[in-house]
Each structure stands twice: as C-alpha cells, then as structure tokens.
S.K.: 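So that we are looking at the same thing, I have put the structure below in structure tokens.
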Amino acid sequence: VEEPSDADAIAASWTDATAFGVIFDRHATRLRRYLVRRLGPDEAEGMLGDVFLIAFERRASYDTTRPSAAPWLYGIATNLVARHRRREFRRLRATARLAARRPAQVDEADSVSGAVDAADRWERVAEAVAALPELERDTMVLAVWEGLSYEDIAIALDIPIGTVRSRLNRARGRLRELAEPVDEGHTEHTAGRDAGRIGS
Amino acid sequence: VNDGDFDAIRRLRPDPGDLDDPGDPAVLSRTKEQLMSAIDQNQSQNQSQSRSYGPPTAHDTPDIYPRLAYRDELAAVEYLTRVFGFVEHREARLEFDGNYLCWLRLGTGIVMVGHANTDVHLIHSPLDAGLTTAMLNVYVHDIDAHHATAVAQGAKVTVQLRDAFYGERTYEATDLEGHQWHFGERFEHIKGRGGRPPDPEDA
C-alpha cells in the first residue's frame with residue numbers, strides 16, 4: 001500500500017482535521033531546522049507551531065496537484081521570518097560566530113591568518129548577507145542553505161522561476177561586491193564593508 | 001545550486017550539532033501536541049461561529065477595530081490570549097524598532113495590540129495615563145464558560161457576572177495594564193444554546 005501523499009493528507013484534512021498531523025510528522029524536523037538557522041532555537045520553537053497552524057488554516061487553498069507540501073511550508077515559514085528582521089540580523093551575527101568556531105578547513109589551516117582573522121572574515125560574510133535586499137536573501141537562503149530547487153523556490157515564494165534566477169544573480173553580484181571570499185584570507189576591507197554592516 | 005560564488009554562504013550555514021542548538025527532541029512532540037489541540041479548537045470555533053477570520057487583510061478586517069497601547073505589548077498578548085481567550089494571528093505579528101504590533105481576534109472582531117506610542121500615534125497605556133477612557137465590548141459564545149476561564153486565570157473582575165436589564169448576561173474586567181473589557185452574551189443566544197436561564201431580576 002502506498003503512503004498517501006501530502007496532497008492526499010491535506011485533502012483528507014478538509015473533513016477530518018486530525019489528518020493534518022501527518023504533514024507535521026513529515027516536515028517538522030526540516031522546517032524547525034530552517035527556522036533555527038534563520039532565527040535561532042528559541043524563536044524557532046514558538047514559530048514552528050505557527051507555521052503548521054497557518055498551513056492548516058489555509059489548507060483549502062493548497063494546490064493538490066503538488067504532491068509535496070514542503071515548498072508551501074517553506075513559503076509560510078519565510079513570511080514569518082520576514083516579520084522579524086531585527087532578530088534575523090542578530091541571528092546572522094551569532095551565525096558568523098558559530099562558523100568561526102567550527103574546525104577550519106585545510107586551506108584555512110594553511111593560511112597565515114589566524115582564528116581572530118577567521119572571526120572577522122565570517123562576520124563580514126554575515127554582514128554581506130544581512131545587507132542583501134530581503135527578497136534576494138530569502139531566495140538565496142532557500143537555494144543555498146535549504147537546497148530547494150528553482151521550481152520549489154518559485155512555489156514557496158509565489159514567484160516565476162525566472163524571478164528566482166534573476167534574484168540569485170543579483171545576490172551573487174552584490175555578494176561579490178560586499179564580501180571577500182572567505183577562503184583566500186584577504187585582510188583588506190572592501191568598499192562594501194560599511195554598507196554591509198548588520199543592523200545599519 | 002552548485003555555485004562557487006555561494007560557497008562562503010553555504011559554509012556559513014548553522015547546522016544541527018552547532019553549539020547553540022540543543023536539538024531537543026521534545027520540542028517536536030510538544031509542538032505537535034499544541035498544534036493538534038489548536039487545530040481542534042480552531043475546528044470547534046468555526047462550527048460555533050457564523051464567520052471565521054483569515055489574515056487581517058483590508059478585505060476582512062472589520063471596518064472599525066481598536067488599537068490598544070501597552071507598556072509591554074507581548075505580556076499583553078500573553079494575557080489576553082490566556083485569560084480572555086483571544087487568538088493571536090501570529091502571521092500578522094510585526095516587529096518594528098524592537099516593539100511589536102499584534103493582531104488578536106475573538107469571534108468576528110479584531111484588536112490590534114501595540115507599544116504605547118506617545119510621539120506619533122498619541123496613545124498611552126492606562127498605566128501611564130493614570131486612567132482609562134474607553135471600554136471594549138465583546139460578545140462571546142458562552143459567557144458562563146468565558147467568565148469561568150477568565151476567573152480561573154486570574155482576571156481582575158470589576159463588575160460581577162450578572163443578567164443585565166438590557167437583555168445580556170455580562171461581566172467586566174480590567175486587564176494587566178488597565179484597559180477595560182466588557183464581555184456579554186444576549187439572552188436569546190443563551191437560551192438558544194440551552195444555557196442557564198437568564199434571570200434579569202437579580203441584575
């Protein structure tokens with residue numbers, strides 16, 4: 001017997017609300033991880049339930065030709081994140097500190113720059129991410145951190161696939177301007193550094 | 001996306017096992033339990049009300065809805081949901097300059113809850129103003145149950161539950177910062193649901 005798809009479960013929940021529990025069971029771990037990445041564990045805990053409750057309230061509008069609910073849930077979660085910019089920026093700062101504490105990769109170990117430099121460089125990357133226009137940041141995070149396909153991002157953010165591509169291209173260009181590549185251990189500041197300061 | 005330009009971004013990504021995320025497995029079971037009970041509540045509310053509310057868009061927000069000012073707006077949201085049974089529309093919550101704007105609904109009504117704003121919007125918490133100048137009137141589905149919950153949750157009742165001469169069973173309470181609330185249910189509605197018969201004589 002085949003497992004019912006997400007679309008089947010959502011359709012079943014129109015008449016039997018408890019059928020929606022399966023959607024949580026299948027996607028909660030992944031969505032929680034996403035929220036932790038973007039806002040931190042404390043905020044993620046409260047928001048995880050909100051994502052699924054909002055999804056439940058909107059289930060009548062779910063397009064049941066889409067077997068997986070993951071992109072739809074990512075979209076709801078991303079909208080919630082968007083309402084907490086300040087917290088997101090705080091989290092990005094913490095994220096840079098976490099990255100700096102992670103064991104360095106081989107190329108970094110060989111670099112003359114030490115741990116202090118690594119912290120500084122990760123901070124610069126985080127600032128560059130924070131300085132992106134929010135729609136570009138959302139798109140990039142879904143692609144690069146969450147590994148969503150262009151098609152799934154288009155569904156999540158309710159935009160055409162061409163817009164996914166163009167946002168990623170613009171983000172790529174801006175990041176090149178704003179942040180130095182972390183691998184190369186440059187110590188000079190780029191012109192974009194100040195523009196990219198978190199919380200500015 | 002397999003792309004050298006985003007390599008640094010990918011490596012910035014916090015992963016499970018990173019120091020600040022305990023990855024408590026109880027979070028999932030706790031959250032699911034709360035979700036299913038919220039779903040259950042959501043269902044029974046929809047059945048007991050002629051109209052249910054989606055997001056507070058211009059389309060389905062009542063034409064008049066108040067914005068209440070609090071010193072601590074998040075404490076207010078916690079209080080209003082726990083004591084008076086409001087449901088926050090979490091998707092609508094806005095963070096702005098470290099303050100929050102929240103939308104709470106009960107039945108077909110919506111109230112906005114925000115930080116006291118004395119510069120632009122000229123609204124104060126009664127705590128700061130030293131007095132209250134308006135009362136919010138709220139119809140509820142089962143006033144007896146509403147009253148019992150509010151009292152159990154520590155509501156400061158200012159007018160005891162009574163059957164008023166104008167055809168409503170009502171009580172009044174003051175919230176954590178002094179906003180004044182009047183809850184009521186029409187006699188016909190009480191009879192309709194088979195509740196304790198109204199007795200306006202003891203009003």
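Here is how names work: the chains are called A, B, and so on, in the same order as the sequence lines, proteins then strands, and each is numbered from 1. Excluded from the calculations below are hydrogen atoms, water molecules and symmetry mates; all remaining heavy atoms, backbone and side chain alike, are included.
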S.K.: Based on non-hydrogen pairs under 4.5 Å, which of A:Ala17, A:Ala96, A:Ala82 is most in contact with chain B?
M.R.: A:Ala17
S.K.: Of the backbone (N, CA, C, O) and the side chain (C-beta and beyond), which part of A:Ser13 lies under 4.5 Å from a heavy atom of chain B, both, or neither?
M.R.: neither
S.K.: Report which part of A:Asp25 has an atom under 4.5 Å of a heavy atom belonging to chain B: side chain, backbone, both, or neither.
M.R.: side chain
S.K.: Where does A:Arg87 contact chain B at under 4.5 Å (heavy atoms): side chain, backbone, both or neither?
M.R.: both
S.K.: Does a side-chain N-to-carboxylate-O contact under 4.0 Å join B:Asp15 and A:Arg37?
M.R.: yes
S.K.: Non-hydrogen atoms of chain B under 4.5 Å away: do they reach the side chain of A:Phe52, the backbone, both or neither?
M.R.: both
S.K.: Mind checking the CD1-CZ spacing from A:Ile54 to B:Arg90? Nearest 0.5 Å is all I need.
M.R.: 8.0 Å
S.K.: Step through the shown structure and confirm whether more than 12 heavy atoms of other residues, nucleotides or ligands are within 6.0 Å of CD on B:Glu78.
M.R.: yes
S.K.: Rounded to the nearest 0.5 Å, what separates atom CG in A:Asp50 from atom OG1 in B:Thr31?
M.R.: 10.0 Å
S.K.: To check you understand the geometry: which heavy-atom pair defines the closest contact between A:Leu168 and B:Phe6, and what is its length?
M.R.: O-CZ, 3.6 Å
S.K.: Please give me the minimum heavy-atom distance between B:Leu28 and A:Arg32, naming the atom from each residue.
M.R.: CD2-CD, 4.2 Å
S.K.: For B:Leu122, I'd like to know if atom CG has over 12 heavy atoms of other residues, nucleotides or ligands within 6.0 Å.
M.R.: yes
S.K.: Taking only Lys NZ, Arg NE, NH1 and NH2, and the carboxylate oxygens of Asp or Glu, determine whether A:Glu146 and B:Arg10 approach each other closer than 4.0 Å.
M.R.: no
S.K.: Decide if atom CG of B:Asn99 counts as having more than 12 heavy atoms of other residues, nucleotides or ligands within a radius under 6.0 Å.
M.R.: yes
S.K.: Give the minimum heavy-atom separation between A:Arg85 and B:Glu95, together with the two atoms involved.
M.R.: N-OE1, 4.1 Å
S.K.: Side chain from CB out, backbone as N, CA, C, O: work out which of these in A:Arg59 comes under 4.5 Å of a heavy atom of chain B, or both, or neither.
M.R.: side chain
S.K.: Give, as side chain, backbone, both or neither, the part of A:Leu48 having an atom under 4.5 angstrom from any heavy atom of chain B.
M.R.: both
S.K.: Among A:Ala28, A:Gly21, A:Gly49, A:Ala99, single out the residue with the greatest number of heavy-atom pairs under 4.5 Å to chain B.
M.R.: A:Gly21
S.K.: I need the residue from B:Glu88, B:Gln34, B:Lys32, B:Met36 with the largest number of non-hydrogen atom pairs under 4.5 Å to chain A.
M.R.: B:Lys32
S.K.: Non-hydrogen atoms of chain B under 4.5 Å away: do they reach the side chain of A:Leu53, the backbone, both or neither?
M.R.: both
S.K.: If I compare all heavy atoms of A:Phe56 with all of B:Ile39, which pair ends up nearest, and what's the gap?
M.R.: CZ-CG2, 3.5 Å
S.K.: Could you look at B:Phe96 and say if it's the side chain, the backbone, both or neither that has a heavy atom under 4.5 Å from chain A?
M.R.: neither
S.K.: Ignoring hydrogens, what is the shortest heavy-atom contact between A:Thr95 and B:Leu12? Give both atom names and the distance.
M.R.: CG2-O, 3.1 Å
S.K.: Looking only at non-hydrogen atoms, find the nearest pair between B:Arg93 and A:Arg83 and report the distance.
M.R.: O-CD, 3.0 Å
S.K.: Taking C-beta and beyond as the side chain, do B:Ile9 and A:Met140 meet within less than 4.5 Å on heavy atoms?
M.R.: yes
S.K.: Output, in order, the C-alpha distance, side-chain angles, deciding distance and verdict of side-chain contact (heavy atoms from CB on, under 4.5 Å) for B:Arg11 and A:Trp122.
M.R.: CA-CA 10 Å; B:Arg11 286 166 51 202; A:Trp122 280 118; 3.6 Å; yes
